There are 2 protein chains.
Amino acid sequence: MSANGTQAIDRAAELLSLVVLADEPPDFGHLVSDTGLPKSTASRLLQALERHRLVRRDGEGAYGAGPLFAAYASRHDPIDDFIALAQPTLERISAATGETVNLAVARGQDVTQVAQVDSTYLLGTTNWLDVDVPAHCSALGKVLYAAGLIPVPNRTLEARTPHTITDPRKFRRHLDTVRAKGFAQALGELEIGLDAVAAPVIGRSGDVVAAVGLSGPSGRIKNKLPQLGSLIKEHAQALSSVLGHQPRKEGAA
Amino acid sequence: MSANGTQAIDRAAELLSLVVLADEPPDFGHLVSDTGLPKSTASRLLQALERHRLVRRDGEGAYGAGPLFAAYASRHDPIDDFIALAQPTLERISAATGETVNLAVARGQDVTQVAQVDSTYLLGTTNWLDVDVPAHCSALGKVLYAAGLIPVPNRTLEARTPHTITDPRKFRRHLDTVRAKGFAQALGELEIGLDAVAAPVIGRSGDVVAAVGLSGPSGRIKNKLPQLGSLIKEHAQALSSVLGHQPRKEGAA
DNA sequence: GCACAATGAACCATAATATGGAATCTTTGT
DNA sequence: ACAAAGATTCCATATTATGGTTCATTGTGC
């Protein structure tokens, strides 16, 4: 039962979501079976959506997102959409941990933090969005290095703390570990007493497009690293699914 | 009067289009006045659209495109959307002239043709999508040079025909003319007997993002250059409007 | 601080729309 | 030539969407 007086719109919107989010363009039969609507009802609703440029139909009858979506996409900076899509994930990580949560992308050879949810603790971290962080000292940076989105330097790296990895060969081996584990950690490497974990976000194409991570004081982070590592990986994978990434199925030929 | 049995969807879709295509995020009052709907009807429809993630509302009550649009945008190559949006314009130019119509963008230092509508004449031109054309000999290339999207060479240019401009300083002055007139022409510069005109397509940001042009044999093109120049400019400006470009208003402060 | 206007959501009697089974049409396969 | 499948159209009617009215909240002017 729909909210009062919007059943037709609810049904049309359900059809529209199926079309827009489909991995393969669905045909009429799939839309009928997926929604359980009678054929005449589905036909009428789809024709209305097509008339309003919300869906389009190709020559073989398969449905896709219509020109209104293309118009939207052509008018907006994709990073804004990505940030908007990622925001619920950042908030879930924050809700689960209470720590500062960040999203970062590679821009040129730098790590740019594009979104943040602040810590719920009084002892948290700064607003990183305005801070120029050396990538080799941060978990987010290590993820983007490991993915090859920024070139790994061959020179001796800056020692921000005694814990910072400065030898480039050691740093490369460290990135191998990041790849193997599926997440990065930075323990007092940027600042004594500040720890972080981060994991890669994978786009529809299968490539890493961003890193999502959390940070806080060592006293809260250090003893929970395996759990926090798993948590950040899971949330990063969930966000990757929202972006359309289909993880390789086990047992595939 | 709507098509049979889709009035509610028609109304909801009208609201949605207004929101998605608005230059500034509209508030509830604007949507009511723009559509003529009673407040209670508009409120119910907008709540349904919000519930289905087609619109979102910011803290101050202004409406914007919802997460479904962001999800779409994050999953699609923007050039595909741009080509889809441009296709009706190319078809209108083709209908008006019968000549081969192309859309081109700058990729690196090259001109890439991304869409074409073939000539309706038997004597037309080739499928340019697969042809690597020297940019200085083509109307499309001159538009992209003039816009600064590809760097203007300082060396002597390749002479493809006796009409090709090869002196770089003369070529730069020629590009000044292109900017002044608002469209480019290439008369037998790529191939004897082959003429073309092209105009810039401007994105929402105000920058040139593409060139749209037409080409054909000199016998059909040469005598109509002023008309074809005006036509291609008008259609390029219409496409720019679809992309959200707002031309500077005359008499503005 | 108060009166009033503006904004936007909720209510509900009822007008009118959206429904969906059946019929029909078109295309494809045998 | 005929059957099957897919999709659209028709139309009696069940049910929904409508919109005038009311209400709650917020903003503004005095």
Side-chain angles (χ1 to χ4, degrees), chain A residues 1-69 84, chain B residues 1-69 84:
Chain A
M1 176 57 92
S2 302
N4 191 23
T6 59
Q7 176 179 259
I9 297 165
D10 296 340
R11 289 171 149 190
E14 183 186 359
L15 283 165
L16 182 55
S17 289
L18 283 171
V19 170
V20 171
L21 298 178
D23 292 322
E24 297 296 326
D27 64 8
F28 180 80
H30 280 93
L31 291 171
V32 164
S33 59
D34 287 348
T35 59
L37 291 170
K39 289 189 297 179
S40 52
T41 305
S43 180
R44 187 177 57 255
L45 300 177
L46 284 164
Q47 287 183 25
L49 291 172
E50 193 171 358
R51 195 163 61 245
H52 292 286
R53 304 161 68 242
L54 286 158
V55 300
R56 82 170 84 243
R57 226 173 165 178
D58 70 22
E60 287 162 353
Y63 287 92
L68 199 66
F69 285 87
Chain B
M1 176 58 94
S2 301
N4 190 23
T6 59
Q7 178 180 256
I9 297 164
D10 296 340
R11 289 171 151 188
E14 183 187 357
L15 282 164
L16 182 54
S17 290
L18 282 172
V19 170
V20 170
L21 298 178
D23 293 319
E24 297 295 325
D27 63 9
F28 180 80
H30 278 95
L31 292 172
V32 164
S33 59
D34 288 348
T35 59
L37 291 170
K39 290 190 300 179
S40 49
T41 305
S43 180
R44 188 177 57 253
L45 299 177
L46 284 163
Q47 285 182 26
L49 291 172
E50 192 170 359
R51 197 164 60 244
H52 292 288
R53 304 163 65 240
L54 287 158
V55 301
R56 82 168 83 245
R57 229 173 161 180
D58 68 22
E60 287 163 354
Y63 287 92
L68 198 67
F69 285 87

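Every chain is numbered from 1 and lettered A, B, ... according to where its sequence line falls, protein lines coming before strand lines. On a predicted model such as this, the values are computed, not experimentally measured, just so you know.
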ask   = Within the side chain of Thr35(A), is there an N or O that forms a donor-acceptor pair under 3.5 Å with the backbone of Leu31(A)?
value = yes
Can you measure [X] atom [atom1] to [N] atom [atom2] for me and round it to whole angstrom units?
X	N	atom1	atom2	value
Leu46(A)	dT19(C)	CG	P	12 Å
Asp10(A)	dT19(C)	CG	C1'	15 Å
Arg11(B)	dT18(D)	CZ	C1'	7 Å
Tyr63(B)	dT7(C)	OH	C1'	11 Å
Ile9(A)	dT17(C)	CD1	C1'	12 Å
Asp58(B)	dG8(C)	CG	P	12 Å
Leu49(A)	dT8(D)	CG	P	13 Å
Leu37(B)	dA9(C)	CG	P	14 Å

I want to verify a distance call: between [options], whose nearest atom is closest to the [X] side chain?
X	options	result
Lys39(A)	dT19(C), dT18(D), dT8(D)	dT8(D)
Ala8(A)	dA9(C), dT8(D), dA17(D)	dA17(D)
Thr41(B)	dG19(D), dT8(D), dG8(C)	dG19(D)
Arg44(B)	dA7(D), dG8(C), dG19(D)	dG19(D)
Phe28(B)	dG19(D), dA7(D), dG8(C)	dG8(C)
Leu45(B)	dG20(C), dA17(D), dT18(D)	dT18(D)

To the nearest 0.5 Å, how far apart are [atom1] in [X] and [atom2] in [Y]?
X	Y	atom1	atom2	value
His52(A)	Ile9(B)	NE2	CD1	8.0 Å
Thr6(A)	Arg51(B)	OG1	CZ	4.0 Å
Leu49(B)	Arg57(B)	CG	CZ	12.0 Å

Under-3.5 Å donor-acceptor pair between Ser40(B) side chain and dG8(C) base = no
key: Minimum-distance pair of heavy atoms, taken over all atoms of Phe69(A) and Leu68(B)   =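 In this case the closest contact between Phe69(A) and Leu68(B) is CE2-O, 4.0 Å.
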ask   = Hey, does the side chain of Ser43(A) come within less than 4.0 Å of dT8(D)'s phosphate (OP1/OP2), counting only N and O?
value = yes
key: Short side-chain N/O contact from Gln47(B) to OP1 or OP2 of dG8(C), under 4.0 Å   = no
